[in-house]
Amino acid sequence: MVLDDARQQNLPLVATLERLLAVEVAATGDRRLTSRLRFACLPAPWTLADFDYSAQPGVDEALIREMATLRFVDEGSNVLLIGPPGVGKTMLAVGLGRAAAEAGHRVHFTTAADLAARCHKAAIEGRWATMMRFYAGPRLLVIDELGYLPLAADAASALFQVINTRYANASSTTITTNVGIASWATAFGDPIVAAAMLDRLLHKGIVVGIDGPSYRLRSHQARAEALRTAAATAGATHG
Ligand code: ADP
Ligand code: MG
């Protein structure tokens with residue numbers, strides 16, 4: 001393509017080489033982004049632009065827009081997204097993760113349950129150190145759904161070790177949870193481990209509390225409303 005154009009337009013050699021190089025650089029960039037996104041394991045193709053702020057008045061839009069600049073990744077700050085189910089915690093965590101991957105950062109998404117299971121297996125198989133290095137590696141690690149399932153003692157200590165290592169490396173960790181900070185001590189087994197975990201997370205932490213309506217339930221409510229209206233209309237005609 002480039003060579004055909006160059007021949008037709010009688011382009012000088014240097015200009016032709018520059019064009020070829022630009023094509024190659026773009027292709028390399030695409031390949032790197034594809035490989036970063038594959039490594040990231042994001043569970044959905046959501047971007048921050050998909051987030052509807054009007055549907056979730058409980059979320060601080062200015063704060064999310066500030067986080068979208070990814071300064072928090074450069075500074076190694078942590079992000080805690082706290083709120084009940086269906087308010088968009090995972091969506092925001094995925095959107096931030098995607099933006100970071102597109103900006104060239106190594107990102108990895110996991111759930112608390114998956115992290116616990118993989119660490120447990122690694123400990124049994126004598127791969128603990130390797131596993132810890134894996135979770136220490138990404139510039140941004142997203143741990144989704146902390147607190148949805150009870151954490152066994154060894155899971156809580158694995159999680160603490162991951163968070164502590166990342167804190168020491170000044171790498172960002174994003175956590176989504178339904179458990180308010182005040183309840184962490186009782187929710188995650190050992191209150192001392194929970195307090196130590198919170199201490200690391202909050203030292204350079206951004207806490208995003210989302211306390212609004214569930215987006216998942218919206219469609220259910222709309223359907224239920226439609227059914228009620230239909231039933232009332234039918235009742236009126238028959239009665
Ligand atoms: P949570 O992790 O808080 O349980 P999710 O992030 O999984 O909630 O969101 C539940 C569903 O609702 C997803 O399909 C998500 O895309 C959608 N959703 C939630 N909040 C919003 C929003 N503000 N704008 C657009 N879609 C949203
Ligand atoms: Mg979620």
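Each ligand, and each atom within it, is numbered from 1 in the order the structure gives.
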*Going by heavy atoms, is V87 under 4.0 Å from ligand 1?*
yes
*Is any side-chain heavy atom of L141 less than 4.5 Å from a side-chain heavy atom of S171?*
no
*So does T90 have any N/O/S atom less than 2.8 Å away from the Mg ion (ligand 2)?*
yes
*About how many Å separate CG of D144 and OG1 of T177, when rounded to the nearest 0.5 Å?*
10.0 Å
*Is any N or O atom of Q56, backbone or side chain, closer than 3.5 Å to an N or O atom of ligand 1?*
no
*With rounding to the nearest 0.5 Å, note down the distance linking CG in D60 to CD1 in I206.*
11.0 Å
*Atoms in ligand 1 with a heavy atom of G88 nearer than 4.0 Å*: 1 (P), 3 (O), 5 (P), 6 (O), 8 (O), 9 (O), 19 (C), 20 (N)
*Let me know which of H105, R36, H108 forms a side chain to side chain contact (heavy atoms under 4.5 Å, CB included) with P138.*
H108
*Once you round to the nearest 0.5 Å, how far does NE2 of H203 lie from OH of Y167?*
4.0 Å
*Has P85 got any heavy atom lying under 4.0 angstrom from an atom of ligand 1?*
yes
*Side chain, backbone, both or neither: which part of D50 comes within less than 4.0 Å of ligand 1 when only heavy atoms are counted?*
backbone
*For the pair D4 and R7, find out whether any cationic side-chain nitrogen is under 4.0 Å from an anionic carboxylate oxygen.*
yes
*Identify the protein heavy atom lying closest to atom 12 (O) of ligand 1, giving its residue, its atom name and the separation to 0.1 Å.*
Y215 CD2, 3.2 Å
*Which heavy atom of the protein is the closest neighbour of atom 4 (O) of ligand 1, given with residue, atom name and distance?*
G86 N, 2.7 Å
*Determine, for R118 against E125, whether the closest basic-nitrogen to carboxylate-oxygen distance falls under 4.0 angstrom.*
no
*Considering only the protein, which heavy-atom contact is closest to atom 14 (O) of ligand 1, and what is its distance?*
W46 CZ2, 3.5 Å
_Evaluation steps, side chain to side chain contact (heavy atoms under 4.5 Å, CB included), between R19 and L11_ = CA-CA 10 Å; R19 284 192 183 189; L11 273 189; 3.5 Å; yes
*Using distance alone, decide if ligand 1 has a nitrogen or oxygen within less than 3.5 Å of any nitrogen or oxygen in Y53.*
no
*Does M91, backbone or side chain, put an N or O under 3.5 Å from an N or O of ligand 1?*
yes
*Nearest neighbour in protein (non-hydrogen) for atom 11 (C) of ligand 1*: R216 CG, 3.9 Å
*Would a 4.5 Å heavy-atom cut-off, applied to side chains only, mark I181 and L198 as touching?*
yes
_atom 2 (O) of ligand 1 [closest protein heavy-atom partner, distance rounded to 0.1 Å]_ = T90 OG1, 2.7 Å
*What's the shortest distance from atom 24 (N) of ligand 1 to any protein heavy atom, and which residue and atom give it?*
D52 N, 2.9 Å
